[in-house]
Amino acid sequence: MTNQEVSKVLDDIATMLELVGENPFKCRAYERASRELENSIENVEDLIETERLGDLPGIGKALVEKITELVTSGRMSYYEELRDKIPGGLFDMLKIPGFGPKKAYAVYRDMDITTLDDLESAAQSGRLSGISGFGKKTEERILAGIQSLKERVGLHRLGDVLPCAEMIVDQLRACPAVRRISYAGSLRRMKEVVKDIDILVSSDDSDTVMDAFTRIEFVRETVVRGTTKTSVALDSGINCDLRVVANQSFPAAMQYFTGSKDHNVHLRSIARDLGCKVNEYGVFRGEAVIPCASEQEIYESLNLKYIPPELREDTGEIGAAANGTLPDLIDTTDILGMLHCHTRWSDGSNSVAEMAEAARKRGYRYLAICDHSQSSHVANGLSADRVREQWEEIETVNRSMEDFVVLKGIEVDIKNDGSLDYPDEIMEQFDIVVGSVHQNLHMPSAQMTERLVSALSHPHLDILGHPTNRLILSREPSRFDMDAIIETAAQHGKVLELNGHPWRLDLNWLHCKRAARRGVKIAITTDAHSTADMDLLRYGVGTARRGWLTKGDVVNSLNADEFRSLFSL
DNA sequence: GCCGTTTTCGGCCCGACTGTTTTCAGTCG
């Protein structure tokens, strides 16, 4: 059983406890335990086997017992008892904005409403006003909420949202009433999926800023308009919140609205221990404000080193900031080589020369062309003959460029039995080999593990491409034993890819953390199919930063000579 | 439910906003 599966059960328990009005701190204990497991780089089964589950913060005697029952027997009686008591439809109701556990349980208890549809018709007929605490406005909000639930899916890929947020920031910056501006929230933490856009502005004239905001051309409708907060829906279906604060509160508000919630909760308990208080307006000792001109000074006022947004998930970064062991995170400027790129030879849209020039212009020193191999028919994969022709073209381009080198790479299909898609006499001539699974993505876990282990043991494979094959919000990852893959990569000195394409981000940040801890090197790539795709690198780097990766963990931060010698070229 | 170098019981982050209310509960981030 995976950490994610256990985490989901704990999360459901927390929700059900909230619904029945349990002690909110008990609910939070389950939520915390859920998140602790979800974010743990340790496998829950290993933790149980070695009796270290209780070492995780927030997991005590009772939870160790319940989680052990779940993992060893596949069931948890406590969970099943709760589930028998609470209709599943109540979970759906919680997705209605402004409709929380108390209201959901009230409609169930007082009117026996158990589904969204029943709730909708009850609200339409005005029957809900009979319940204490429910009025006309509440019914209207429920109806509007159900309507917007039907229209919008809740989550969006980082790559779809970040450019949008940057456009909004650029447009608002032109408004003279705006003093400081930035996007915040999970977007700033570079989470792979985000729910909405949070924009923060400091200004002395919030009304003018709000006007400018609601008049942005791709704003579809204004949902809430206030003096400190305005919410709009964009044409793309994404919600965007703008908050306006006084200029002196901007750093504290940035810290606060960047989150994560867990990070902030932990930070405030640190503040409390120091006799201070942190909120979105500043850091306070009693009534007195401790002046902070930047986020950095906020952290310093709590005796912590500055914590980059990508680390703020309460997975140990606060402890590391306290004792000075925060990692020196990889940065986009550290990346010197653009790896895993496609050209017109397979399914890319630019030539080798165009890709090389684009990479050189962006400041990279080398480029690995990795087109598809012969089995990838739909992707116009290269036969052995076409591979040789491509090599000639790459050599021509190399002769024409100074201080830049194009490597002869391939993204070779890993076949069902783990073998690679060309005979050895071709394989051995590539400079760099990325091996990826493109067919039969959902074979049984044991079989997929064997397939990947076998590929990683192949002497000519250098990098395992997009290891889990997931497509974010679209395709589930392949199932296999990730720890076995990491272990095999470590033993054979192989590299794992962090495919930075915003649909993939594969490995994900937690896998990166696990791999790096085992000493496995990571290649941050773009999987570029055009010159423009090279700009996707920042999503890969953002994910790497979330995974605590440093320059030393990433092979394409090496310069061209170091890189060539790592792969014995 | 967790946690503790003042505590094994009594805490557990904090404030804004909203709607239904005469002083507050619920929701949200």
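Order of the sequence lines sets the chain letters (A, B, ...), proteins ahead of strands, with each chain counted from 1.
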query = Between B:dA16, B:dC12, B:dG29, which nucleotide has the shortest distance from any of its atoms to the side chain of A:Thr228?
reply = B:dA16
ask   = If we take the P atom in both B:dT20 and B:dA25, what is their distance in whole Å?
value = 16 Å
ask   = Going by atom types only, do A:Tyr281 and A:Gln248 share a side-chain donor-acceptor pair under 3.5 Å?
value = no
message = Check this for me: does any side-chain nitrogen of one of A:Asp483 and A:Arg518 sit under 4.0 Å from a carboxylate oxygen of the other?
response = no
task = Quickly work out the A:Phe134 CZ to B:dG19 C1' distance and round it to whole Å.
result = 11 Å
ask   = Using purine N1 to pyrimidine N3 plus N6-O4 or O6-N4 for Watson-Crick, or N1-O2 and O6-N3 for G-U wobble, both under 3.5 Å, which nucleotide pairs with B:dG4?
value = B:dC9
task = Would you mind checking if A:Asp262 and A:Arg32 are paired as a salt bridge, meaning a charged N to carboxylate O distance below 4.0 Å?
result = no
Using nucleotides 23-26 of chain B, report all nitrogen or oxygen pairs with the protein that are shorter than 3.5 Å.
none

query = Does a salt bridge link A:Arg225 with A:Asp211, judged by any charged N lying under 4.0 Å from a carboxylate O?
reply = yes
ask   = Of A:Ser269 and A:Leu94, whose closest DNA chain B nucleotide lies nearer the 5' terminus?
value = A:Ser269
task = Quick one: classify the glycosidic conformation of B:dT7 as syn or anti, with syn meaning within 90° of 0.
result = syn
key: Interatomic distance, A:Asp241 CG vs B:dC17 P [rounded to whole Å]   = 13 Å
query = Does a salt bridge link A:Arg52 with A:Glu42, judged by any charged N lying under 4.0 Å from a carboxylate O?
reply = yes
message = Tell me which one of A:Arg35, A:Lys261, A:Arg189, A:Lys513 satisfies salt bridge (Lys or Arg N to Asp or Glu O under 4.0 Å) with A:Glu313.
response = A:Arg189
ask   = Does the distance from a Lys or Arg side-chain N to an Asp or Glu carboxylate O, for A:Arg546 and A:Glu317, drop under 4.0 Å?
value = no
key: Distance, C1' atom - from B:dT8 to B:dC3, rounded to whole angstrom   = 10 Å
In residues 102-114 of chain A, what donor-acceptor pairs under 3.5 Å come from side-chain atoms, sequence neighbours left out?
none

Distance between C1' atoms of B:dG11 and B:dC17 (Å, rounded) = 27 Å
Gap between atoms CZ and C1', on A:Arg141 and B:dT20 respectively (whole Å) = 13 Å
inquiry  = At less than 3.5 Å, do the side-chain atoms of A:Tyr281 and the base atoms of B:dG15 form a donor-acceptor pair?
reply    = no
key: Separation of the P atoms in B:dC2 and B:dT6, to the nearest angstrom   = 23 Å
message = How many whole angstroms separate atom NE2 of A:His266 from atom C1' of B:dC12?
response = 13 Å
Could you list all N or O pairs between the protein and nucleotides 1-5 of chain B that sit under 3.5 Å apart?
| residue | atom | partner | partner atom | Å |
| --- | --- | --- | --- | --- |
| B:dG1 | OP1 | A:Tyr30 | OH | 3.1 |
| B:dG1 | OP1 | A:Lys66 | NZ | 3.1 |
| B:dG1 | OP2 | A:Lys26 | NZ | 3.4 |
| B:dG1 | O6 | A:Asn23 | ND2 | 3.0 |
| B:dC2 | OP1 | A:Gly60 | N | 2.6 |
| B:dC2 | OP1 | A:Gly60 | O | 3.2 |
| B:dC2 | OP1 | A:Lys61 | N | 3.4 |
| B:dC2 | OP1 | A:Leu63 | N | 3.3 |
| B:dC3 | OP1 | A:Gly58 | N | 2.9 |

task = Check every atom of B:dC14, B:dG29, B:dG19 against the side chain of A:Asn279 and return the nucleotide holding the closest atom.
result = B:dC14
ask   = Using 4.0 Å as the upper bound for N to carboxylate O, is an ion pair formed by A:Glu166 and A:Arg538?
value = yes
Phosphate OP1/OP2 of B:dT20: any A:Thr138 side-chain N/O under 4.0 Å = yes
ask   = How long is the line joining CG of A:Leu187 and P of B:dG29, in whole Å?
value = 16 Å
query = Within the pair A:Lys261 and B:dC14, is there a side-chain N or O less than 4.0 Å away from OP1 or OP2?
reply = no
Nearest-angstrom distance, P atom, B:dT21 to B:dA16 = 24 Å
query = For A:Glu280 and B:dC14, what is the distance between atoms CD and P respectively, to the nearest whole Å?
reply = 12 Å
key: A:Asn239 CG to B:dG29 P, straight-line distance once rounded to whole Å   = 10 Å
Whole angstrom value for the distance that separates P of B:dT18 from CD of A:Glu140 = 15 Å
task = Sort out for me which residue in A:Arg312, A:Lys305, A:Arg180 forms a salt bridge (Lys or Arg N to Asp or Glu O under 4.0 Å) with A:Glu295.
result = A:Arg312
